[in-house]
Amino acid sequence: MPQNPITLKGLVYSIPEMAAVKIRRDVPFVAADGGELLMDLYYPPQKGPAPVVVIVEGYNDVGAERILGCRFKDMVCIDHWGRLIAASGMAAVAGTNRSPLADAHALIRHLRQHAAALDLDESRIGAWACSGHGPVALSVLMSDRRLKCGALLYAYTLDLDGSTAVADAQKMYRFENPGEGKTVAELPADLPLFIARAGKDDLGLNAALDRFVSGARARNLPITVVNHPDGPHAFDLLDDSETSRDIIKGALAFLHTWLA
C-alpha cells in the first residue's frame, strides 16, 4: 500500500552535522519471543562508546505498517530524529517490534549485552517518545531503573485521579497502554524527564498530561516542562516556527546533559 503522507514528513529543524552521521540499517536483535527483529543505529561523528537514546515505539509494527504503509522506524521523522540525536553527540536506536513493551525491553537488553560490539555505552541509555508511544516509554522508564532520563513530546501519559482519557485514546488509536492503573509514584525519584506540551493538542491528551505534570511536581521529581501555546499535535513536523525549533533543540540539549 502507498505510504501515508505523514510518514514522509520531515522535522521543521535540521543542522548541517546530520550529514556526517553514520547509520547502520536493519541490524538484527533478539525479540522478547526469541525471534529476530531489526534496528537502525545512528552514530555520532566522534569515536568511542556513545551514550544511547532509544526511540520507543508504542504501536505494533504489523498494525502500523498496515495503516501507515511503513514501519515506524522507517518514517522520515524518525530518521530525522535519529540523525539529530546523533549529530548532537549521542547514538540513537529505533527498532521494529511485535509486542511494543516487551520488545522495547528486549531491544534495551540487547544493546546492553552487545554494547562493546555496537560501540555503545551501556551505562548511559535514555528514552525518547512522542504521541501514542508515551505510555510504553513511561512503563519502560518506571521498570528499568538503569535508564538515565526520558524525553516525551506531546505524549499520552497516565490516567490519574479517575480520568480515562488515555484508555479512551488507546481504544481509538490502538497503541499499547501498559500504564493502566499505574501512578506517578512508580517513577524513580531521581529520573530526569523532559515534557513538551502542545497547547492546541487533543483536550484529553493535555488533560492527562497536565495531571501527570502536577503529580510529578507534587513528588518534586526532576521534571522539565515546556509548553508550545500555539503548537498542534506533532508540532515538530507540522508547525514550522521558531517555538517548535526551540523545543526540539531543548529536548536535544536535555538528553545531551543527562547522557553525554
Side-chain angles (χ1 to χ4, degrees), residues 11-13 15 51-56 58 77 80-82 84-92 104 108 123-158 160 166 179 182-202 205-237 239 241-260:
L11 300 184
V12 299
Y13 174 68
I15 55 178
V52 191
V53 177
V54 175
I55 298 175
V56 178
C77 63
H80 283 189
W81 268 108
L84 261 182
I85 290 167
S88 301
M90 302 158 283
I108 294 169
S123 69
R124 295 185 290 167
I125 301 178
W128 178 100
C130 65
S131 190
H133 310 286
V136 168
L138 274 177
S139 184
V140 171
L141 290 163
M142 286 176 174
S143 58
D144 188 337
R145 299 303 173 104
R146 294 172 63 189
L147 294 177
K148 297 301 184 184
C149 62
L152 303 177
L153 278 69
Y154 50 87
Y156 284 98
T157 50
L158 302 175
L160 304 174
V166 179
K182 296 182 183 292
T183 71
V184 175
E186 295 175 60
L187 282 167
D190 59 350
L191 177 72
L193 284 177
F194 178 93
I195 305 290
R197 181 184 186 277
K200 292 187 175 178
D201 211 332
D202 175 80
L205 187 158
N206 274 348
L209 184 60
D210 292 343
R211 290 189 187 94
F212 177 83
V213 168
S214 178
R217 284 176 168 161
R219 285 195 61 219
N220 198 32
L221 298 184
I223 184 171
T224 298
V225 182
V226 294
N227 185 45
H228 188 337
D230 299 316
H233 195 74
F235 60 78
D236 53 337
L237 316 182
D239 182 65
S241 70
E242 286 303 315
T243 303
S244 295
R245 286 185 281 277
D246 284 344
I247 292 174
I248 294 170
K249 288 185 280 188
L252 294 167
F254 173 90
L255 291 167
H256 191 273
T257 294
W258 294 104
L259 293 175

K.L.:
On a heavy-atom basis, which atom in F235 and which in A196 lie closest, and how many Å separate them?
P.N.:
CZ-CB, 4.1 Å
K.L.:
Roughly how far, to the nearest 0.5 Å, is NE2 of H256 from NZ of K249?
P.N.:
15.5 Å
K.L.:
List the atom of M90, the atom of L252, and the distance in Å for their closest heavy-atom pair.
P.N.:
CE-O, 4.0 Å
K.L.:
Can you confirm whether L187 sits close enough to F212 that some side-chain heavy atom of one is under 4.5 Å from a side-chain heavy atom of the other?
P.N.:
yes
K.L.:
Taking side chain as C-beta onward, heavy atoms only, is L153 less than 4.5 Å from W81?
P.N.:
yes
K.L.:
Could you tell me if the side chain of I125 sits less than 4.5 Å from the side chain of V54, heavy atoms only?
P.N.:
yes
K.L.:
A104 and V136: which non-hydrogen atoms are nearest, and at how many Å?
P.N.:
CB-CG1, 4.4 Å
K.L.:
What I'd like to find out is whether the side chain of D236 reaches to under 4.5 Å of the side chain of Y154, using heavy atoms alone.
P.N.:
yes
K.L.:
Using modelled atom types and a 3.5 Å cut-off, is there a donor and acceptor pairing between side-chain atoms of S244 and backbone atoms of D239?
P.N.:
yes
K.L.:
Using side-chain contact (heavy atoms from CB on, under 4.5 Å), reason through V225 and R217 one step at a time and then give a plain yes or no.
P.N.:
CA-CA 10 Å; V225 182; R217 284 176 168 161; 3.8 Å; yes
K.L.:
Check for a donor-acceptor pair, side chain of R219 on one end and backbone N or O of V184 on the other, with a separation under 3.5 Å.
P.N.:
yes
K.L.:
Closer than 3.5 angstrom, by distance alone: can the side chain of R245 be matched with the main-chain N or O of Y13 as a donor-acceptor pair?
P.N.:
no
K.L.:
Looking at L152 and A155, what are the two nearest heavy atoms and their distance?
P.N.:
CB-CB, 4.0 Å
K.L.:
Output the distance between atom CG (L191) and atom SG (C149), rounded to the nearest 0.5 Å.
P.N.:
7.5 Å
K.L.:
How long is the span from the NE2 atom in H228 to the OG1 atom in T243, to the nearest 0.5 Å?
P.N.:
5.0 Å
K.L.:
Please check if the side chain of S139 supplies one atom and the backbone of P135 the other of a donor-acceptor pair under 3.5 Å.
P.N.:
no
K.L.:
For the atom pair CD (E186) and OG (S143), what is the distance rounded to the nearest 0.5 Å?
P.N.:
10.0 Å
K.L.:
With a 4.5 Å heavy-atom cut-off, do T157 and I195 have their side chains touching?
P.N.:
no
K.L.:
Can you spot which of N206, D202, D201 makes a side-chain hydrogen bond (donor to acceptor under 3.5 Å, both in side chains) with H233?
P.N.:
D201
K.L.:
Give me the atom names and distance for the closest heavy-atom approach of P232 to A198.
P.N.:
O-CB, 3.4 Å
K.L.:
Is any side-chain heavy atom of T183 closer than 4.5 Å to a side-chain heavy atom of L158?
P.N.:
no
K.L.:
For the CG atom of L193 and the CH2 atom of W258, what is their distance to the nearest 0.5 Å?
P.N.:
11.0 Å
K.L.:
Is any side-chain heavy atom of L11 closer than 4.5 Å to a side-chain heavy atom of L237?
P.N.:
yes
K.L.:
Can you measure from OG (S88) to CG (L259) and round to the nearest 0.5 angstrom?
P.N.:
11.5 Å
K.L.:
If you take all heavy atoms of A91 and I85, which pair is closest and at what distance?
P.N.:
O-CG2, 3.8 Å
K.L.:
Does the side chain of D210 come within less than 4.5 Å of R197's, by heavy atoms?
P.N.:
yes
